[in-house]
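Taking it in order: structure first as structure tokens, then the write-up.
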There are 2 protein chains.
Amino acid sequence: MRIGELADRVGTTTRALRYYESRGLLPARRDGNGHRTYGEADVRLLEQIRTLQDFGFELEETRPFVECLRSGHPAGDACPASVAVYRRKLGELDALIGELTAVRAEVGAQLARAEQAMAGLAADAQAPGGPEPRCELSDAADATDVTDVAGLTDVAGLTDVRGVRG
Amino acid sequence: MRIGELADRVGTTTRALRYYESRGLLPARRDGNGHRTYGEADVRLLEQIRTLQDFGFELEETRPFVECLRSGHPAGDACPASVAVYRRKLGELDALIGELTAVRAEVGAQLARAEQAMAGLAADAQAPGGPEPRCELSDAADATDVTDVAGLTDVAGLTDVRGVRG
DNA sequence: GTAGGCCTTGACGTCGGCGTCAAGGCCAGA
DNA sequence: TCTGGCCTTGACGCCGACGTCAAGGCCTAC
């Protein structure tokens, strides 16, 4: 099987496959014309890579799984190194979900306050009264400060909830 | 106040300020030497930008808030455009948190399976028996497929849970 | 013969938000 | 006067995972 066919079968591009090869993840044999040649085992390796990427794993993090498969194991996660990556990911996911949940709450609160303030202004326009209450973004933001937790390097390509500034 | 002082006061860098200016977010007056000059109002604008960035807003998304403040409103979110950004963000956050939660569950399940399989292998080593059960990553991954939902362009700098491939 | 389709390597482009030089100007204090 | 510190603009670097274009080779069908 040549590169185009493999890419089609797994639903990716030839460019991606060459990229993986350049990273040493998915080496290929060559035929007489210098064309890359792949077998069924490579389909499995590639599927493993793609599945993990869909979960948001970085390419480097898929390496243990790929090597595990290549060393003859029936599954990519049948090796300690792979399991370790799973564990790390879980931790990152939990941290990230926690941060996002905190941010969500904060933004939700700001939205509610802003809407209330605007409603108040509208009401004032109807029946003029006193001035409006402040509605600056709370300093809780600094406390909640959704900061790059524990080297959360793209948990799912979705990290980077802002790094420490200063 | 000059650029260095402003940066210090808000806890950012002169580079960032010049960048914001290049984006038209934080224009500055100049003194006789061509040096940038800022006032207290600029401190508030910059704080608004930084607070939102901490929440994971993209720079462009802070623009309505900044313009709102500059147009004389007491708060950056006292304008409809700002409120609209809040709403959009909430939706993106909810979607992202949902995706991450699904991924977390999936990865957690895989981890459990992998650990159980390895424990089984260890047990077999002790008391040899039958072969091991499969433990490939489930196809649920394709269903759950954490894919770029609704143009989730960096909800918090944390988007990109993988775009559609193909 | 030639058009089409697959393959090859090489290399620059993308996106965001700056970091990090480089080369130089202006001003204050010792 | 010289050193140090602040400022200026310009421009390349970074990161990840490729997209995309360029220039060319091989093979096949018509």
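Labels below follow one simple rule: chain letters A, B, ... track the order of the sequence lines, proteins then strands, and each chain is numbered from 1.
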Lys/Arg N to Asp/Glu carboxylate O, B:Arg87 vs A:Glu115, below 4.0 Å: yes

Please determine whether salt bridge (charged side-chain N to carboxylate O under 4.0 Å, His left out) holds for the pair B:Glu47 and B:Arg50, giving the CA-CA distance in whole Å, both sets of side-chain angles, and the decisive distance to 0.1 Å. CA-CA 5 Å; B:Glu47 281 172 343; B:Arg50 286 270 123 187; over 6 Å; no

Under 3.5 Å, is there an N or O donor on one side and an acceptor on the other linking the side chain of B:Arg18 and the base of D:dT8? no

What integer distance in Å separates A:Phe57:CZ from D:dG16:P? 17 Å

Quick check on D:dG19: is either OP1 or OP2 less than 4.0 Å from any side-chain nitrogen or oxygen of A:Thr13? yes

When the nearest nucleotide of DNA chain C is assigned to A:Gly34 and to B:Leu59 on a heavy-atom basis, which residue is associated with the more 5' position? A:Gly34

For the pair made of CZ in B:Arg30 and P in C:dC26, what is the distance, rounded to whole Å? 15 Å

Sorted by position of nearest nucleotide on DNA chain D, 5' first, the leading residue of A:Tyr19 and A:His35 is A:Tyr19

A:Ile3, nearest nucleotide to its side chain (from D:dT8, D:dC18, C:dT8): C:dT8

Gap between atoms CG and P, on A:Asp8 and C:dC7 respectively (whole Å): 8 Å

Distance check: side-chain N/O of A:Arg36 vs OP1/OP2 of C:dT9, anything under 4.0 Å? yes

Take A:Arg9 and A:Asp42 through the salt bridge (charged side-chain N to carboxylate O under 4.0 Å, His left out) test and state the conclusion after the steps. CA-CA 11 Å; A:Arg9 281 186 55 177; A:Asp42 294 313; over 6 Å; no

Would you say B:Tyr20 places a side-chain N or O within less than 4.0 Å of OP1 or OP2 belonging to C:dC18? yes

Expressed in angstrom and rounded to an integer, what is the separation of A:Glu58 atom CD from D:dC15 atom C1'? 10 Å

With a 4.0 Å limit, can you tell me whether A:Gln53 has a side-chain N or O closer than that to the phosphate oxygens OP1/OP2 of D:dC18? yes

Could you give the CD-to-C1' distance, from B:Glu5 to D:dG5, as a whole number of Å? 15 Å

Step-by-step side-chain hydrogen bond (donor to acceptor under 3.5 Å, both in side chains) determination, A:Tyr86 to B:Arg113: CA-CA 11 Å; A:Tyr86 274 158; B:Arg113 288 213 285 162; over 6 Å; no

Value in whole Å for how far the P atom of D:dC6 lies from CG of B:Asn33: 15 Å

Should A:Arg23 and A:Glu58 be marked as a salt bridge (charged side-chain N to carboxylate O under 4.0 Å, His left out) after you check the CA-CA gap, both sets of side-chain angles, and the distance that decides it? CA-CA 12 Å; A:Arg23 304 282 94 191; A:Glu58 289 179 7; over 6 Å; no

Side chain of B:Thr14 (C-beta onward), nearest among D:dA17, D:dC7, C:dT9: D:dC7

Under 4.0 Å: is that the gap between some side-chain N or O of B:Arg23 and OP1 or OP2 of C:dG17? no

A:Leu17 CG to D:dT20 P: how many Å, rounded? 16 Å

Between A:Arg15 and C:dT9, is there a contact of a side-chain N or O with OP1 or OP2 at under 4.0 Å? no

Provide, to the nearest angstrom, the distance between the CZ atom belonging to A:Arg50 and the P atom belonging to D:dG16. 17 Å

